Asks: 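Can you keep this structure in mind? I'll have questions shortly.
Everything numeric in this text was worked out from a predicted model, so none of it was measured.
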Amino acid sequence: MALEPEGNNRLLQDVLARPGNDACADCGNPEPDWASLTLGVFVCQACSLLHRSIPHISRVKSVQDTWDASEVELMAAMGNNAAKAKYEQKVPAFYYRPTHTDCKLLREQWIRAKYERNEFEFIEKQEPYSAGYREGFLWKRGRDNGQFLSRKFILSEREGALKYFNKQDARDPKAVMKIETLNATFQPAKIGNPCGLQITYLKDNSTRNIFVYHSDAKEMVDWFNAIRAARFHYLQVAFPGASDEELVPKLTRNFMKEGFMEKTGPKHTEGFKKRWFTMDDRRLMYFKDPLDAYARGEVFIGSKENSYTVLAGLPPSTQGYHWNHGITIVTPERKFLFACETEAEQRDWIAAFQRVINRPMRPQEYAVEAHFKHKP
Ligand SMILES: [Zn+2]
C-alpha cells in the first residue's frame with residue numbers, strides 16, 4: 001500500500017535524523033532544511049541557493065515540501081556521510097573548508113570544486129594549488145592612487161616567497177613577500193570586489209597590505225589555496241613533528257575584528273581622530289583608510305599575566321570631543337584610549353581584546369612584544 005504524502009515526509013524526518021545529516025553537507029551549519037535530490041545531500045538554505053547556480057549538477061528541494069517515496073529513497077541511499085566519503089575523499093589537509101560565516105565566493109567555490117569539478121576525487125585536478133609553484137596575473141590595487149592594475153605574481157615554495165612585478169619585462173620583483181609572515185584573507189566588502197583578497201606580510205617588523213582580485217572566482221580561490229599550501233609546507237619544516245591539526249589553523253588567519261574607532265595620542269591631549277582598526281591576533285593596527293598599504297601604528301596586546309588590561313570607559317580627565325563609548329587598554333608602558341560610535345561596537349571590541357588578554361602568551365609572542373614599537 002502506497003504511503004500518504006505525510007507518511008513520506010515522516011520517513012524523510014527519519015533520514016534527516018541519521019548521523020551526518022544533522023549539519024549542512026557544505027558549510028556545517030546545524031539543522032539543514034534543504035536537500036539536493038541529484039547529489040543526495042542535506043544542506044542549509046544559504047548553500048541551497050548556491051546549488052541553484054549549478055542546475056546541471058544539483059536540483060534542490062525544501063524538506064518542508066511534499067516528497068514522494070522514490071525521492072525519500074534517493075536521500076536514504078546517499079546522505080551527507082556517504083557523500084562526504086565520495087566527494088571529499090582526497091581534500092588536501094591545507095585546503096580551506098568554508099563555514100557558514102565565510103564570504104559567498106569561498107562557499108560557492110567549495111561547492112563547485114566538490115560536485116561540479118570533482119577536484120577531490122581526482123588529484124590531478126589539484127595541480128593549480130598543489131604544485132608548489134604558481135604564476136599569473138592579478139589585479140592589484142595601486143598603493144597611493146587606488147587604481148587596480150594587472151600585475152604578474154609568482155608564488156614559489158622553493159624560494160619561500162610570493163613576488164610581484166610592476167613591468168611585464170622587469171627582472172626584479174617590485175616586492176618579495178616571505179611565506180613565513182604571509183597571511184591572506186578574503187575581504188570582498190572592504191575591497192569592493194566579490195573576489196577581493198587581502199594579502200598581508202611583515203617587512204622590517206611592520207605590517208604591509210596589498211589588495212588583489214581575479215575576475216575568475218576559481219582562479220582567485222586557487223591562489224588562496226596555493227598560498228595555504230606554501231604556508232603548510234613551510235610550517236611542516238619549521239615545526240617538525242607538529243600534527244596537521246596543529247598546523248592547519250596557522251595557515252591563514254581571519255581578522256578578529258575590524259572597524260572604525262577614534263583614538264588619541266600618548267599625551268591624551270591631542271584630540272581624538274577617527275581611524276580604521278584591524279585586530280589581527282595580538283596586533284591592533286590602525287589606518288587612516290581601510291585600504292592603506294601600511295599601518296599608521298600598531299599596539300601589541302599581551303596577556304593579563306603581563307599587565308595588559310582592557311576597561312570600558314575613559315579616564316575622568318579625558319579632554320576633547322569624542323564618540324560616546326570609551327575603551328581604555330592598559331599596557332606596561334602606557335594607556336591607550338579609544339572611543340566607539342555605538343555601545344554594540346564597544347562591546348565587540350572589548351570582547352576581542354579580552355580574548356587575547358585572557359590567553360597566556362606563547363614564547364614566540366614575547367619576541368614580537370619585545371620588537372614592538374608602540375607608535376603614537
Ligand atoms: Zn550550508
Side-chain angles (χ1 to χ4, degrees), residues 20-34 36 41-54 58 60 80 83-84 87-88 91 93-115 120 183-200 209 211-213 217-218 220-225 227-228 231 245 247-261 276-285 290-291 340 342 344-356 358-359:
N21 294 346
D22 56 345
C24 172
D26 299 325
C27 75
N29 213 32
E31 292 174 34
D33 46 8
W34 285 76
S36 167
V41 292
F42 293 99
V43 296
C44 71
Q45 190 185 19
C47 290
S48 80
L49 293 172
L50 301 174
H51 278 249
R52 284 177 197 274
S53 68
I54 44 167
S58 184
V60 292
N80 291 5
K84 200 181 180 82
Y87 295 106
E88 298 180 28
V91 183
F94 60 78
Y95 196 94
Y96 187 77
R97 295 163 176 266
T99 66
H100 196 62
T101 53
D102 277 310
C103 64
K104 183 181 167 218
L105 172 81
L106 277 169
R107 291 181 293 114
E108 179 169 0
Q109 287 305 310
W110 172 235
I111 286 169
R112 286 181 181 267
K114 282 205 287 183
Y115 308 119
F120 313 119
N183 186 38
T185 173
F186 278 102
Q187 296 275 12
K190 190 160 121 182
I191 298 171
N193 185 286
C195 299
L197 184 74
Q198 177 170 2
I199 297 173
T200 66
N209 293 320
F211 301 94
V212 297
Y213 71 86
K218 176 190 183 295
M220 198 66 253
V221 175
D222 282 350
W223 271 106
F224 178 64
N225 280 301
I227 290 170
R228 286 176 60 87
R231 292 269 306 153
E245 289 69 32
L247 298 181
V248 166
K250 296 187 169 79
L251 302 185
T252 50
R253 303 178 303 278
N254 288 332
F255 300 137
M256 293 171 81
K257 178 154 175 68
E258 281 198 297
F260 284 108
M261 285 195 290
W276 176 263
F277 285 81
T278 296
M279 176 89 174
D280 181 8
D281 201 51
R282 290 197 188 271
R283 297 177 96 114
L284 177 67
M285 297 169 273
L291 298 174
C340 301
T342 67
E345 278 289 294
Q346 179 199 36
R347 199 170 43 236
D348 287 355
W349 278 110
I350 289 176
F353 298 143
Q354 203 67 62
R355 262 167 70 197
V356 293
N358 287 343
R359 199 180 71 207

Asks: Hey, what's the ring geometry for H51 with Y115, parallel, tilted or perpendicular (30° and 60° as the breaks)?
Replies: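 Correct class here is tilted.
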
Asks: Between Q109 and P98, is any pair of side-chain heavy atoms under 4.5 Å apart?
Replies: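 Not touching, per the 4.5 Å side-chain cut-off.
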
Asks: Above 12 or not: heavy atoms from other molecules or residues under 6.0 Å from CD of Q354?
Replies: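 For Q354, atom CD is crowded (more than 12 foreign heavy atoms under 6.0 Å).
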
Asks: Please report the interatomic distance CG(D348) to OG1(T342), rounded to the nearest 0.5 Å.
Replies: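 Result: 8.0 Å between the selected atoms.
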
Asks: Distance-only, no hydrogens or angles: does the N183 side chain make a donor-acceptor pair with backbone N or O of R253 under 3.5 Å?
Replies: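 Checking the backbone N and O of R253 against the side chain of N183, a donor-acceptor pair under 3.5 Å is found.
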
Asks: To the nearest 0.5 Å, what is the distance between SG on C103 and CG on L197?
Replies: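 It comes to 9.0 Å.
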
Asks: Any non-hydrogen side-chain atom of D102 less than 4.5 Å from a side-chain atom of N254?
Replies: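 They are in contact (side-chain heavy atoms under 4.5 Å apart), so the answer is yes.
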
Asks: How far does OG of S53 sit from NZ of K104, to the nearest 0.5 angstrom?
Replies: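 Answer for the OG-NZ pair, S53 versus K104, is 7.0 Å.
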
Asks: Are C27 and T99 side-chain neighbours, meaning at least one heavy-atom pair lies under 4.5 Å?
Replies: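 Sidechains of T99 and C27: no contact.
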
Asks: Just verifying a value: how many Å separate F277 CZ and E345 CD, rounded to the nearest 0.5 Å?
Replies: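 Answer rounded to 0.5 Å: 12.0 Å.
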
Asks: Evaluate ring-ring contact (aromatic ring centres under 6.0 Å, His included) for F120 paired with W110, printing each intermediate quantity in order.
Replies: CA-CA 10 Å; F120 313 119; W110 172 235; 5.5 Å; yes

Asks: Partners of F224 by ring pair (Phe, Tyr, Trp, His ring centres under 6.0 Å), sequence neighbours excluded?
Replies: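 Checked F224 against ring pair (Phe, Tyr, Trp, His ring centres under 6.0 Å); matches are Y96, F186.
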
Asks: Roughly how far, to the nearest 0.5 Å, is OG1 of T278 from CD of E258?
Replies: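 Those atoms lie 3.5 Å apart.
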
Asks: Checking R228 side chain against L251 main chain: does a donor-acceptor pair fall under 3.5 Å?
Replies: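 No.
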
Asks: Using every non-hydrogen atom in the two residues, find where A46 and R107 come nearest and quote the distance to one decimal.
Replies: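 Looks like CB-NH1, 3.8 Å.
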
Asks: With side chains defined as the heavy atoms from C-beta onward, is the minimum distance between I227 and I199 less than 4.5 Å?
Replies: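 They are in side-chain contact.
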
Asks: Could you go through the side chain to side chain contact (heavy atoms under 4.5 Å, CB included) check for R52 and L49 one step at a time?
Replies: CA-CA 5 Å; R52 284 177 197 274; L49 293 172; 4.1 Å; yes

Asks: When rounded to the nearest 0.5 angstrom, what distance separates CE in M220 from CG in N225?
Replies: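 The CG atom of N225 is 10.5 Å from CE of M220, to the nearest 0.5 Å.
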
Asks: Quick one: does any side-chain atom of N80 pair with a main-chain N or O of F42 as donor and acceptor, under 3.5 Å?
Replies: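 Present.
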
Asks: Tell me, do K84 and K114 make a side-chain contact under 4.5 Å, heavy atoms counted?
Replies: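 In short, these two side chains do not touch, never coming nearer than 4.5 Å.
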
Asks: Is any side-chain heavy atom of W349 closer than 4.5 Å to a side-chain heavy atom of K257?
Replies: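 Yes, their side chains come closer than 4.5 Å.
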
Asks: In plain terms, say whether D281 and K250 are close enough for a salt bridge, that is, a side-chain N and a carboxylate O under 4.0 Å apart.
Replies: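 Answer for the salt bridge query: no.
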
Asks: When you compare the side chain of I111 with that of E108, does any pair of heavy atoms fall below 4.5 Å?
Replies: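 Side chain of E108 against side chain of I111, heavy atoms only: no contact under 4.5 Å found.
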
Asks: Minimum heavy-atom separation for Q198 to I191, with atom names?
Replies: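 Scanning both residues completely, I find the closest heavy atoms to be N-CD1, 3.9 Å.
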
Asks: So do F260 and P290 actually touch side chain to side chain, heavy atoms under 4.5 Å?
Replies: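 Touching, per the 4.5 Å side-chain cut-off.
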
Asks: Looking at R355, I'd like to know if its CZ atom is crowded, meaning that more than 12 non-hydrogen atoms belonging to other residues, nucleotides or ligands lie closer than 6.0 Å.
Replies: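 It does not: R355 CZ has 12 such atoms or fewer within range.
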
